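Working notes, structure below.
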Amino acid sequence: MTSTAASTSASTSKATDPANMDYYLGFDHMKFYVGSSNVCASHFVKTYGFKYHCFKGLETGERLVHSVVISNGDVFLEFVSALVPPTSQESSAVCQEIHNHIMKHGDAVKDVAFKVNNVEKIYQNALIHGAIPIQDPVTVTDEYGSITTAKIGAFGDTIHTLVDRTKYKGYLPGTYRLIEKELTESEKMHPVDFMSIDHCVQNHDWFKMIPVSDFYKNAFGFHQYWSVDEKQVYTEYSALRSAVMTDPTETIKMPINEPAKGLKKSQIEEFLDFYGGPGVQHIAIQVEDILTTIANLRKRGTEFIKVPDTYYANLEKRMIENKHPEIKEPLEKIKKLGILVDFDENGYLLQLFTKPLFDRPTIFFEFIQRNNHNGFGAGNFKGLFEVLEGDQALRGNLVDQS
Ligand code: TYF
Ligand code: FE
């Protein structure tokens, strides 16, 4: 066993072995397989305030896939779609994979890529612990420098690409070309600024939380950062368990959810039904100024979940009954924008969740501002999950648990 896998015990303290440090530098990018990468990119630019970054396709010499990369701050999303039908003579394994993925999951995240500084070591350790190899480490040198990548099976049909870009200035090797297109006047009108991906949540089937967490411990050297179970997270109808897994430096955080027994089908099971297995449920984007972000996203047409007014009455009660730090943002503005608040005596966080991004009730975004608070909004779980169940009922999916 290599030292990356040594920190296998669940703990909330940082791993101290310096040999463990700095292998993981954060989330690198999220790659989606979608029906049309152009349409998705355009929608995400207009609605969520991303900027065009680069693309590849027929014009850059690609014959099989079209891909558009958009970004904002350190958040990079890549949309990939197939250019040829699965039946065509040129169709390759990559096109088949895109078609099959979309048929099963709808538009979805295929790849949660990690920024690392030792691809070889992480890759070999993962393989020793039973991870499925998808692409051995490859180093490519081009006009942008030198970059090393490798790919590993993660869960279901989702993979992790390991990217060492410490000596690279471009996006990824290949025929990618920068998009020179200026933003339109209306795209410039309500600017939003993102920092980075704060966490990325996975939904899993019954009783998979522990085995999946163990996989991240063994294969990637992650440890448990935090967890909740159905005694803490429940509504009248449903419950869930969640374990947040993180790398030794605690920069990548991935909550792993599983359903728990309740009266009705839970939001996790609704996800599993429509996704067709485990997958990425939400991507949380950290921002510096959530009031401006949400105000401008609303003006752009982003749809958010809506907490009832009683949420704010409860919040004020929670604040009166508990020690809390000074919240700089006026509560009136927070309420007007429909933002959620969680706090402890030392700090607070502000967060808000979008409606599902695509057709199926699967993936959504969270926007989060942290003020000396490293939690996930546990104080909001009950109220939030009740709202999500309301939306679930509107979709005809809040039915008896089978
Ligand atoms: O990441 C989290 O844990 C919070 C809460 O379906 C959450 O954002 C968990 C599950 C879920 C929605 C939000
Ligand atoms: Fe979250």
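Worth saying up front: this structure is predicted, and the values here are computed from it rather than measured. First listed ligand is number 1; within each ligand, the first listed atom is number 1.
In this structure, F353 counts as a contact residue of ligand 1, since one of its heavy atoms falls inside 4.0 Å of the ligand.
In N257, the part holding a heavy atom less than 4.0 Å from any atom of ligand 1 is the side chain.
Proximity to V201 (heavy-atom distance under 4.0 Å) selects the following atoms of ligand 1: 1 (O). Near E366, the atoms of ligand 1 lying under 4.0 angstrom from a non-hydrogen atom of the residue are 8 (O).
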Verdict with reasoning, F222 to Y24, per ring pair (Phe, Tyr, Trp, His ring centres under 6.0 Å) | CA-CA 10 Å; F222 281 26; Y24 295 94; 5.1 Å; yes
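Using cut-offs of 30° and 60° on the angle between ring planes, the pair F79 and F32 is tilted.
Classification of K208 and D205 as a salt-bridged pair fails, no side-chain N sitting under 4.0 Å from a carboxylate O.
Annotation: E59, atom CD; neighbour count of heavy atoms from other residues, nucleotides and ligands within 6.0 Å is above 12.
Note: F385 and Y237 fail the aromatic proximity criterion, with ring centroids not under 6.0 Å apart.
None of F367, F353, F376 except one satisfies the ring pair (Phe, Tyr, Trp, His ring centres under 6.0 Å) rule with H282; the exception is F353.
Here the N, O or S atom of E366 that is nearest to the Fe ion (ligand 2) is OE1.
Taking 2.8 Å as the criterion, D198 does not count as a coordinating residue of the Fe ion (ligand 2), since none of its N, O or S atoms falls below it.
For atom 9 (C) of ligand 1, the nearest protein heavy atom (residue, atom name, distance) is F385 CZ, 3.7 Å.
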